[in-house]
Structure formats: structure tokens, C-alpha cells
Engineer: 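The structure that follows is given in the form of C-alpha cells.
Keep in mind it's a predicted model, so treat the numbers as computed, not measured. Start at 1 with the first residue, then count along the sequence. The figures here come from the full heavy-atom set of this structure, side chains too, leaving out hydrogens, waters and symmetry mates. Each ligand, and each atom within it, is numbered from 1 in the order the structure gives.
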Amino acid sequence: MCQIAIYPGTFDPVTYGHIDIIKRAQEVFSEVIVAVAHNPHKKPLFDVGERVALLKKATKDFKSVEVCDFNGLVVDFAHKRKAKVLIRGLRMLSDFEYEFQMALTNRKISPDIETIFMMPQESYSYLSSKLLKEVASMGADISSFVPDFVEAALKSKLGK
Ligand code: ADP
């Protein structure tokens with residue numbers, strides 16, 4: 001069965017945790033669309049074009065992965081792209097409550113779309129873009145969390 005999956009998120013910026021989930025997803029689905037939400041209320045550090053560009057670079061060797069941005073409800077975007085699956089990453093128990101609420105809300109809005117959770121390699125299970133930005137702003141070495149071009153982009157954005 002040809003199955004398209006959408007992996008939505010803010011990706012501000014992409015980390016090895018996100019990349020690990022994309023790798024796992026492309027083993028399971030015939031096409032993975034990484035969908036970058038504009039999310040202005042989250043006040044992202046990188047604008048949506050920058051976040052898309054970093055993700056495209058990070059996934060350039062993956063055969064069946066597309067990266068694009070979207071606005072509005074993710075279930076509407078899924079319908080537009082004829083996808084029936086949303087992928088979300090689950091790191092720790094702390095992700096569960098928010099992800100559970102969101103998955104059930106999306107199911108209520110659109111019962112034909114299923115959310116599937118994937119867990120990253122354990123070493124990425126504590127990694128978040130938020131924490132990454134915090135430690136990077138204080139000058140930490142972030143080379144084990146993100147590809148070198150993301151590290152460079154982050155340093156330049158933070159003036160480091
Ligand atoms: P959002 O604002 O939608 O939460 P994020 O970019 O923070 O956007 O996360 C997108 C998805 O990737 C979420 O499902 C999140 O749980 C998952 N994710 C984020 N970091 C990691 C990680 N280190 N390992 C696995 N999944 C992750």
C-alpha cells in the first residue's frame with residue numbers, strides 16, 4: 001500500500017532527534033512529508049524559509065522525503081496531500097500529555113487521519129530545539145546535537 005505520512009513540527013531548528021525520526025519514518029512509509037509549521041505564536045528564532053532550508057539540507061540524501069511549509073490545521077494539510085498518517089516523536093513521559101491531547105483533538109476534527117508516535121534513539125530522547133537554543137546562547141558545544149551547518153546557522157543567528 002502506498003502510504004504517505006506527514007511529520008509536522010516547528011523544527012526551530014532541526015536536530016539529530018528530528019532527523020532520527022525522519023529516518024525511521026522513511027523505512028515504514030512510502031513517502032514522508034516533513035511539514036514545517038509557520039507557528040508565529042511560538043516566536044521561532046529561524047524564519048520558516050530558514051527552517052525549511054536547514055531541513056532540506058539535513059534530508060538531502062533521503063530518497064522519499066519532501067520538506068515544505070504549511071499554515072493552518074495540520075489535518076487540512078494532510079487532506080490536501082492525500083496523507084492519512086501524522087507522525088510525532090515521543091521522547092519522554094513529559095511529551096505524552098501534550099501529544100495525547102493533540103492527537104485526540106486532531107482525531108476529533110478529522111477521524112480519517114491517524115497519529116503514529118515514533119521514539120528516537122535513546123541518546124536523543126532528552127534533546128529539544130528549545131534547550132539546544134538555550135545552551136547554544138551560552139556558548140555550549142552543540143556539535144553532538146545538530147549537523148555542522150545547523151550549528152553554524154545557530155551561532156550566526158545568536159551572534160556567537
Ligand atoms: P512542535 O512545536 O510541533 O512540538 P518540534 O520541532 O519541537 O515542533 O517537534 C516536532 C516533533 O518532533 C514533535 O513530535 C516532537 O515531539 C518531536 N521531537 C522533537 N525533538 C525530538 C527528539 N529529540 N527526538 C524525537 N522526537 C523529537
Engineer: Among all protein heavy atoms, pick out the one at the shortest distance from atom 2 (O) of ligand 1; state its residue, atom name and that distance to 0.1 Å.
Structural biologist: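 Looking only at protein heavy atoms, the one closest to atom 2 (O) of ligand 1 is K42 NZ, 2.3 Å.
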
Engineer: Can you report which non-hydrogen protein atom sits closest to atom 24 (N) of ligand 1, along with the distance?
Structural biologist: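 The closest one turns out to be P120 CG, 3.2 Å.
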
Engineer: Decide, yes or no, whether a salt bridge links E66 with R81 under the criterion of side-chain N to carboxylate O below 4.0 Å.
Structural biologist: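 Between R81 and E66 there is a salt bridge, with a charged N closer than 4.0 Å to a carboxylate O.
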
Engineer: Between I116 and L86, is any pair of side-chain heavy atoms under 4.5 Å apart?
Structural biologist: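 Of all side-chain heavy-atom pairs linking L86 with I116, none is under 4.5 Å.
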
Engineer: So which bit of E99 gets within less than 4.0 Å of ligand 1, heavy atoms only: side chain, backbone, both or neither?
Structural biologist: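 Side chain only.
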
Engineer: Any salt bridge between R51 and D47, counting N to O under 4.0 Å?
Structural biologist: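 Judged by the 4.0 Å cut-off on N to carboxylate O distance, R51 and D47 do not form a salt bridge.
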
Engineer: Identify, by atom number and element, the atoms of ligand 1 in contact range of R88, meaning under 4.0 Å from any of its heavy atoms.
Structural biologist: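 Ligand 1 atoms under the 4.0 Å threshold to R88: 1 (P), 3 (O), 4 (O), 10 (C), 11 (C), 13 (C), 14 (O).
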
Engineer: I want to know if ligand 1 touches S128 in the polar sense, i.e. an N/O pair below 3.5 angstrom.
Structural biologist: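 No: no nitrogen or oxygen of S128 is under 3.5 Å from one in ligand 1.
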
Engineer: How far is atom 12 (O) of ligand 1 from the closest protein heavy atom, and which atom is that?
Structural biologist: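 Of every protein heavy atom, Y7 OH, 2.7 Å lies nearest to atom 12 (O) of ligand 1.
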
Engineer: Is there a nitrogen or oxygen of L90 sitting under 3.5 Å from a nitrogen or oxygen of ligand 1?
Structural biologist: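 No; every N/O pair is 3.5 Å or more apart.
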
Engineer: Salt bridge check: are E151 and K155 linked by an N-O gap of less than 4.0 Å?
Structural biologist: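 Result for this pair is yes, salt bridge flagged.
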
Engineer: CZ of F145 to OH of Y124: how many Å apart, nearest 0.5 Å?
Structural biologist: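 So the gap between those two atoms works out to 10.0 Å.
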
Engineer: Going from OG1 on T15 to CG on L132, what distance comes out if it is rounded to the nearest 0.5 angstrom?
Structural biologist: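 Here the interatomic distance stands at 7.0 Å.
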
Engineer: So is there a nitrogen or oxygen of F11 less than 3.5 Å from a nitrogen or oxygen in ligand 1?
Structural biologist: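 Between F11 and ligand 1 (N or O atoms, distance only) the closest approach is under 3.5 Å.
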
Engineer: Of all the atoms in ligand 1, which lie at a distance below 4.0 Å from a heavy atom belonging to L127?
Structural biologist: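 That gives atoms 20 (N), 21 (C), 22 (C), 23 (N) of ligand 1.
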
Engineer: I'd like to check whether H18 has a polar contact with ligand 1, where a contact means an N/O of the residue lying under 3.5 Å from an N/O of the ligand.
Structural biologist: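 Checking ligand 1 against H18, an N or O pair does fall under 3.5 Å apart.
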
Engineer: Of V67, V65, I87, which is the lone residue that meets side-chain contact (heavy atoms from CB on, under 4.5 Å) with I22?
Structural biologist: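 Passing option: V65.
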
Engineer: Would you say G89 and ligand 1 have an N/O pair spaced under 3.5 Å apart?
Structural biologist: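 Yes, there is a polar N/O contact under 3.5 Å.
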
Engineer: Measure the OH-CZ distance between Y7 and R88 for me, rounded to the nearest 0.5 Å.
Structural biologist: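 Answer rounded to 0.5 Å: 7.5 Å.
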
Engineer: Could you tell me whether M119 approaches ligand 1 through its side chain, its backbone, both or neither, with non-hydrogen atoms closer than 4.0 Å?
Structural biologist: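 Contact part for M119 vs ligand 1: neither.
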
Engineer: Which residue supplies the protein heavy atom nearest to atom 20 (N) of ligand 1, what is that atom called, and how far is it?
Structural biologist: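 Residue, atom and distance for the closest contact: R91 NH1, 3.2 Å.
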
Engineer: Heavy-atom contacts under 4.0 Å between I21 and ligand 1: side chain, backbone, both, or neither?
Structural biologist: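 The answer is the side chain of I21.
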
Engineer: What residue among T10, V36, N39 forms side-chain contact (heavy atoms from CB on, under 4.5 Å) with V48?
Structural biologist: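 Single pass found, and it is V36.
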
Engineer: Using heavy atoms and a threshold below 4.0 Å, how should the contact between Y16 and ligand 1 be classified: side chain, backbone, both, or neither?
Structural biologist: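 Within the 4.0 Å criterion, Y16 makes no contact with ligand 1.
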
Engineer: Starting from the C-alpha separation in whole Å, work towards a yes-or-no answer on salt bridge (Lys or Arg N to Asp or Glu O under 4.0 Å) for R24 and D20.
Structural biologist: CA-CA 6 Å; R24 286 169 199 282; D20 183 88; 2.6 Å; yes

Engineer: Quick check on contacts: which atoms of ligand 1 are under 4.0 angstrom from a heavy atom of G17?
Structural biologist: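 Counting from 1, the qualifying ligand atoms are 22 (C), 23 (N), 24 (N), 25 (C).
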
Engineer: Counting both backbone and side chain atoms, is some N or O of T10 under 3.5 Å from an N or O of ligand 1?
Structural biologist: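 Yes - when backbone and side-chain N and O of T10 are compared with those of ligand 1, one distance drops under 3.5 Å.
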
Engineer: Does a side-chain N-to-carboxylate-O contact under 4.0 Å join K133 and D12?
Structural biologist: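 Salt bridge between K133 and D12, a charged N being under 4.0 Å from a carboxylate O: yes.
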
Engineer: Looking only at distances, can you tell me whether any N or O atom of D12, backbone or side chain, sits closer than 3.5 Å to an N or O atom of ligand 1?
Structural biologist: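 In this structure, D12 places no N or O atom under 3.5 Å from an N or O of ligand 1.
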
